[in-house]
Participant: 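Supplied in structure tokens, the structure appears directly below.
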Number of protein chains: 2
Amino acid sequence: MAASSIRARVRAEMIDEIKVVARRHLATDGANLSLRAVARDMGMVSSAIYRYFPSRDDLLTALIIEAYDALGAAVEAADAGPDRLDLRGRWHAACRAARDWALTHPAEYALLYGSPVPGYAAPDDTIGPAQRPPVTLVGILRDGLAAGRLSPPPADGLPGELRADLAEIADAYFPGVPEALLARGMAGWTQLFGLISFELFGRINRALPHRDAYFDHQTALMADLIGLPRD
Amino acid sequence: MAASSIRARVRAEMIDEIKVVARRHLATDGANLSLRAVARDMGMVSSAIYRYFPSRDDLLTALIIEAYDALGAAVEAADAGPDRLDLRGRWHAACRAARDWALTHPAEYALLYGSPVPGYAAPDDTIGPAQRPPVTLVGILRDGLAAGRLSPPPADGLPGELRADLAEIADAYFPGVPEALLARGMAGWTQLFGLISFELFGRINRALPHRDAYFDHQTALMADLIGLPRD
DNA sequence: CTTCGTCAAGAGCAGTGCTCTCTGTTTTGT
DNA sequence: ACAAAACAGAGAGCACTGCTCTTGACGAAG
């Protein structure tokens with residue numbers, strides 16, 4: 001058993017090293033990760049990698065899950081910083097953390113939120129980690145509502161079918177959050193994703209050198225839309 | 001000269017057919033376009049393609065430019081439908097047109113707004129067509145401002161440096177549009193892009209079957225943020 | 001009628017993911 | 001303790017990719 005675990009430990013270390021090298025390749029060479037190049041860097045032959053990952057897609061999936069978790073952890077840690085009642089402070093901290101992580105890990109961000117690879121379908125293991133950032137954001141709204149520092153927006157503009165969809169999501173992840181507020185929270189999350197993607201994928205105007213200020217202003221606009229108090 | 005132009009015409013038709021076949025491959029097989037497969041479909045050998053396009057990236061660039069123009073034309077046509085003073089009608093029409101185009105041309109949309117290919121840098125020819133949708137959207141705000149149906153938002157929250165950046169963009173594309181309003185317009189454009197990307201790239205909640213209603217509600221929220229009158 | 005530019009084909013290079021077979025080592029069951 | 005089974009890595013090979021270079025044929029221009 002102890003002898004078995006030494007083999008298992010070597011194997012686990014091998015898997016880790018493959019992921020580290022693969023992540024390095026991802027950062028330098030971009031999204032088209034080459035198994036052979038990873039193997040070359042490790043002094044192995046390409047077919048040996050298949051002892052540890054059944055296919056290239058499985059290696060990518062492992063990297064994706066870890067990236068989701070890293071992003072989620074960064075956002076959660078930032079949200080945990082300010083006072084619980086400082087809703088705007090938490091909002092900005094969480095948004096900035098997501099952007100900072102994306103800017104320091106552009107290739108991994110592209111892996112998560114870029115165009116999906118045609119043949120590749122993200123397995124179910126990814127959906128849990130993927131939801132950590134939006135759950136954190138809407139959590140800020142939930143806390144604000146509970147503390148009475150946030151009034152739910154009018155729900156009159158919501159069609160019934162959409163309201164039912166949103167209620168289902170709220171039941172699963174955010175019990176007690178009214179549908180209209182949830183919709184606004186999702187709008188904030190969509191905007192955050194759009195802002196980061198525009199900046200990272202280079203579609204943003206070149207004539208916008210002060211990107212930090214632009215980002216902060218746009219996230220503040222969304223905080224206004226959601227109704228976070230200024231205090 | 002006439003004989004020369006017959007040769008040139010055949011050449012132009014050849015280029016067109018390559019692009020048509022390539023677009024078909026793009027739609028079925030996804031983003032990794034294979035030159036050899038295109039050549040095979042045309043009954044040619046792969047090296048013959050290089051008579052017409054110096055590289056695969058150049059072929060992709062041609063497709064990208066045409067896709068930008070198609071999307072831009074769709075958005076502009078939709079915007080031209082409603083009465084000029086029906087700002088909200090124009091806004092929704094333009095947003096829906098962008099989404100419809102993306103849903104019917106997912107691979108081309110991914111080419112435009114997905115993760116950039118590592119080695120590939122979009123040439124300058126693309127930035128003109130790429131700006132047609134946002135120019136159209138902000139044009140709605142400009143018209144509303146000129147007609148007095150839209151009041152510019154307060155500019156007190158804008159840092160000076162950001163204000164200068166926005167003023168430069170406004171001078172180049174939207175003369176007369178105040179900085180704070182331009183920022184809101186860009187927020188709307190970012191949100192539109194984020195909404196479409198989330199839906200198309202599958203990151204949207206599976207538990208949201210009524211996507212049309214969701215999309216309309218989210219774009220209406222942005223119209224509220226911008227200050228488009230309800231009437 | 002010859003010359004020259006264009007076109008398509010073919011071979012070939014370096015690279016890719018992946019499979020299969022072979023050898024050597026390590027762990028496991030008796 | 002020893003044989004059996006599992007595992008790790010190497011190597012060859014398949015089908016595919018983008019791209020280059022050379023060769024031969026054809027049509028337009030002088």
Side-chain angles (χ1 to χ4, degrees), chain A residues 1-19 21-22 24-26 28-64 107 111 116-121 123, chain B residues 1-19 21-22 24-26 28-64 107 111 116-121 123:
Chain A
M1 203 48 146
S4 161
S5 73
I6 204 176
R7 199 192 184 98
R9 194 162 60 228
V10 169
R11 185 180 171 81
E13 282 173 13
M14 206 69 182
I15 290 181
D16 272 353
E17 192 181 339
I18 291 177
K19 286 197 278 197
V21 173
R24 200 172 57 222
H25 264 89
L26 214 56
T28 60
D29 297 353
N32 21 12
L33 178 68
S34 160
L35 265 186
R36 294 179 114 108
V38 172
R40 221 175 297 136
D41 266 25
M42 298 188 58
M44 290 168 63
V45 88
S46 73
S47 58
I49 301 277
Y50 288 84
R51 295 275 164 199
Y52 302 95
F53 291 94
S55 80
R56 197 192 83 125
D57 282 357
D58 289 84
L59 173 54
L60 275 181
T61 299
L63 295 178
I64 286 175
L111 211 58
V117 186
Y120 177 80
Chain B
M1 203 48 147
S4 163
S5 74
I6 204 177
R7 200 192 188 104
R9 195 163 59 229
V10 169
R11 184 180 173 83
E13 282 173 11
M14 206 69 182
I15 289 180
D16 272 353
E17 191 182 340
I18 291 177
K19 286 197 277 196
V21 174
R24 200 171 58 222
H25 265 90
L26 215 56
T28 60
D29 297 353
N32 20 12
L33 177 68
S34 160
L35 265 186
R36 293 179 114 109
V38 172
R40 222 174 296 137
D41 265 26
M42 298 188 59
M44 290 170 62
V45 88
S46 73
S47 57
I49 300 277
Y50 288 84
R51 294 274 162 202
Y52 303 94
F53 291 94
S55 78
R56 196 193 84 126
D57 282 357
D58 289 84
L59 173 54
L60 274 180
T61 299
L63 296 178
I64 286 175
L111 212 57
V117 186
Y120 176 80

Participant: Between atom CZ in B:R56 and atom P in D:dG18, what is the gap in whole Å?
Facilitator: 6 Å
Participant: Separation of B:R9 atom CZ from D:dG27 atom P, in whole Å?
Facilitator: 17 Å
Participant: Not counting sequence neighbours, which residues clear side chain to side chain donor-acceptor pair (under 3.5 Å) with B:D58? List them please.
Facilitator: B:S55
Participant: For A:T61, give me all partners under side chain to side chain donor-acceptor pair (under 3.5 Å), at least two apart in sequence or on another chain.
Facilitator: A:Y120
Participant: Just list the side-chain donor-acceptor pairs under 3.5 Å for residues 33-45 of chain A, sequence neighbours left out, or say none.
Facilitator:
residue: A:S34; atom: OG; partner: A:R36; partner atom: N; Å: 3.4
residue: A:S34; atom: OG; partner: A:A37; partner atom: N; Å: 3.0
residue: A:D41; atom: OD2; partner: A:R24; partner atom: NH2; Å: 3.3

Participant: How many Å lie between CG on A:L35 and P on C:dG15, as a whole number?
Facilitator: 16 Å
Participant: Let me have a per-nucleotide readout for nucleotides 4-16 of chain D, 5' to 3', with B, S or -, counting only protein heavy atoms under 4.0 Å.
Facilitator: ---BBBBB-B---
Participant: Given atom CZ of B:F53 and atom C1' of C:dC7, what is their separation to the nearest angstrom?
Facilitator: 16 Å
Participant: How would you list all residue pairs meeting salt bridge (Lys or Arg N to Asp or Glu O under 4.0 Å) that involve residues 42-56 of chain B, not counting sequence neighbours?
Facilitator: none
Participant: Write down the distance between CD1 (B:I49) and C1' (D:dG18), rounded to a whole number of angstrom.
Facilitator: 12 Å
Participant: List in chain and number order the residues that pass side-chain contact (heavy atoms from CB on, under 4.5 Å) with B:A62, two or more places apart in sequence or in another chain; answer none if no residue qualifies.
Facilitator: B:K19, B:F53
Participant: Rounded off to whole Å, could you give me the NE2-to-P distance for the A:H25 and C:dG15 pair?
Facilitator: 13 Å
Participant: Have a look at B:L33 and say if it touches a base, only the backbone sugar-phosphate, or nothing, with a 4.0 Å heavy-atom cut-off.
Facilitator: sugar-phosphate
Participant: Whole Å only: how far is the OH atom of B:Y50 from the P atom of D:dT22?
Facilitator: 17 Å
Participant: Using atom CG of B:N32 as one end and atom P of D:dG18 as the other, report the distance to the nearest whole Å.
Facilitator: 10 Å
Participant: Between atom CG of A:L26 and atom CG of A:L59, what is the distance when rounded to the nearest 0.5 Å?
Facilitator: 9.0 Å
